[in-house]
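Just below is one structure, and these are the notes that go with it.
Basis for what follows: all heavy atoms, side chains included, without hydrogens, waters or symmetry-related copies. The first residue of the sequence shown is numbered 1, and numbering continues consecutively from there.
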Amino acid sequence: MFWFLGIEIAVAVTAWSILLGHHARNKDLLSALAVIGVGFIAIFLSGFLFQFYTYTDLINLIASHGLMIAFAGIAFTSSFWVRMYANNHMPIGIVIMISGAAWILSVFIYELLFLKSLPTMIQGILVCLVFVGVTSLIWVKNDKNIGLKSFSWKGLVSSCVCGLLLGPSFAMIVEVSQETSLPLLSALLWQVFAALFIFFVLGARSIVLQKSFSRFSPKAVYGFMGVALMLSATTVGFAYGGLLGSVTVLAGIESSSIMLTALFSWLFFKEKLVWKQWVAMSLVTICIIAIKFVS
C-alpha cells in the first residue's frame, strides 16, 4: 500500500504540474490559485456529502490541531509564490532541482525531530540515488545554465525557501494524521486553510494595488479544477502514506514525478531525450523499485 501511495503521489504531482504550467502560463498566478482554492473547498464539502467524515470530526480536529493545520496551509500556499519568484531569476529546471533538494532535506529533518518513523540506512542511500537521478535529468537538459557563475542569489535563496516551506507543510499533516487517525479530513482541511489564505491575499491585493481578479476561459477553469483534484490526490496520498512508512522515503518516491514529467513530454509532446537522460531515468526507476523491497 505504501508503494502504491508513493507512485500515486508522483503521478498526481506530474499531472498538476503539467496542468498548472499549461493553464497558468502568462496568467495571473494568484487568480489561478483562487480558482484552485474554490476547487479545494468543493472537494472538502463533498466529503460531508459522501459521509467520509462528520461535522463533529471537523470540530474536534480544529480544536486539537487547527493551528498546526492552518500554519501548514499558509506554508503550502506561500511556497507557490516563492517558487514563482525564483522562476523570475533562475531557469525553471534549476529551481525544481534546488527546491527538491531542500524539500527532501527538510522532510528528513522534520521526521528526525518530530515523527516516529525514520528511513533505514539502505532506504536513505536509495533516496539519495533517486535524487541524483532526478537531478541528472535537469542537469543534462539545462547544461548551459548550470554553472555557478550564472546562478542568481535571489533565485538560489528563494528556491531553497520554497523547498523548506513545502517539506514541513507536508510533514505536519502527516503528524496530525498520525495523532488523529483522520488523514482524509486533515489533508482536505489543510487545503481549505490554504484556499482561505489565497482569498485573503487576493482581497488585500485588490485593496492595496487595486488589481481585480483575472477571468479565465471555461477551458482554463476546468483545467484549474483538475489541478485542485490532483493536488488533493497528492496531499491525501501523502497523509495516508505517512501512516504506513517513512515520509522521507515517500518524498524520495515523489521526486520521481520529474522523471514522469520528462517521460510524459517524450511520449505526448515529442520532446527528445538524450542517452544520458535515459540512463538517469533508468537509475531512478531501479532505485524506486528497490525501495519497495527494502521498506
Determine whether Thr235 and Ile173 make a side-chain contact, defined as any pair of heavy atoms from C-beta on separated by less than 4.5 Å. no

Taking Ser46 for its side chain and Ile43 for its backbone only, find out whether a donor-acceptor pair lies under 3.5 Å. yes

Is there a side-chain contact between Ser206 and Ser212 in this structure, where contact means two heavy atoms from C-beta onward sitting under 4.5 Å apart? no

Would you kindly confirm whether Val201 and Ile207 end up in one hydrophobic cluster when ILVMFWY residues are joined by side chain heavy atoms under 4.5 Å apart? no

Return yes if some donor-acceptor pair links the side-chain N/O of Thr54 with the main-chain N/O of Asp57 below 3.5 Å, else return no. yes

Would you say the ring centroid of Phe170 lies under 6.0 angstrom from that of Trp190? yes

Report, as yes or no, whether the 6.0 Å neighbourhood of atom CZ on Phe199 holds more than 12 heavy atoms from other residues, nucleotides or ligands. yes

Same apolar cluster (I L V M F W Y, side chains within < 4.5 Å links), Val35/Met230: yes

Once rounded to the nearest 0.5 Å, what's the spacing between atom CG of Leu229 and atom CD1 of Ile36? 11.5 Å

Lys211 vs Ser31 side-chain heavy atoms within contact, under 4.5 Å: no

Identify whether Phe197 and Val82 are in the same connected component of the hydrophobic contact network (ILVMFWY, side-chain heavy atoms under 4.5 Å). no

Let me confirm one number: the CD-OG1 distance from Glu175 to Thr180, rounded to the nearest 0.5 Å. 10.5 Å

Transitively linked via ILVMFWY side-chain contacts under 4.5 Å: Leu58 with Leu49? yes

Compare all side-chain heavy atoms of Pro168 with those of Phe71 and state whether any distance is below 4.5 angstrom. no

Spatial distance of atom OG (Ser158) from atom CG (Leu164) [nearest 0.5 Å]: 11.5 Å

Could you state the interatomic distance from CG (Leu202) to CD1 (Ile198), rounded to the nearest 0.5 Å? 9.0 Å

Does atom CZ of Phe48 have more than 12 heavy-atom neighbours from other groups under 6.0 Å away? yes

Please name the pair of heavy atoms, one in Phe76 and one in Ala194, separated by the smallest distance, quoted to 0.1 Å. CD2-CB, 4.0 Å

Are Leu243 and Val236 connected in the hydrophobic side-chain network, where two residues link if heavy atoms are under 4.5 Å apart? no

Leu165 backbone acceptor or donor facing Ser169 side chain under 3.5 Å: no

Side-chain contact test, heavy atoms from C-beta onward, threshold under 4.5 Å: evaluate it for Tyr53 versus Phe44 and give yes or no. yes

Should we count CG of Leu67 as having more than 12 external heavy atoms under 6.0 Å? no

Would one find more than 12 heavy atoms of other residues, nucleotides or ligands at under 6.0 Å from atom CZ of Phe213? yes

Mind checking the CZ-CD1 spacing from Phe193 to Ile62? Nearest 0.5 Å is all I need. 5.5 Å

Kindly compute the distance separating CG (Leu185) from CD1 (Ile69), expressed to the nearest 0.5 Å. 7.0 Å

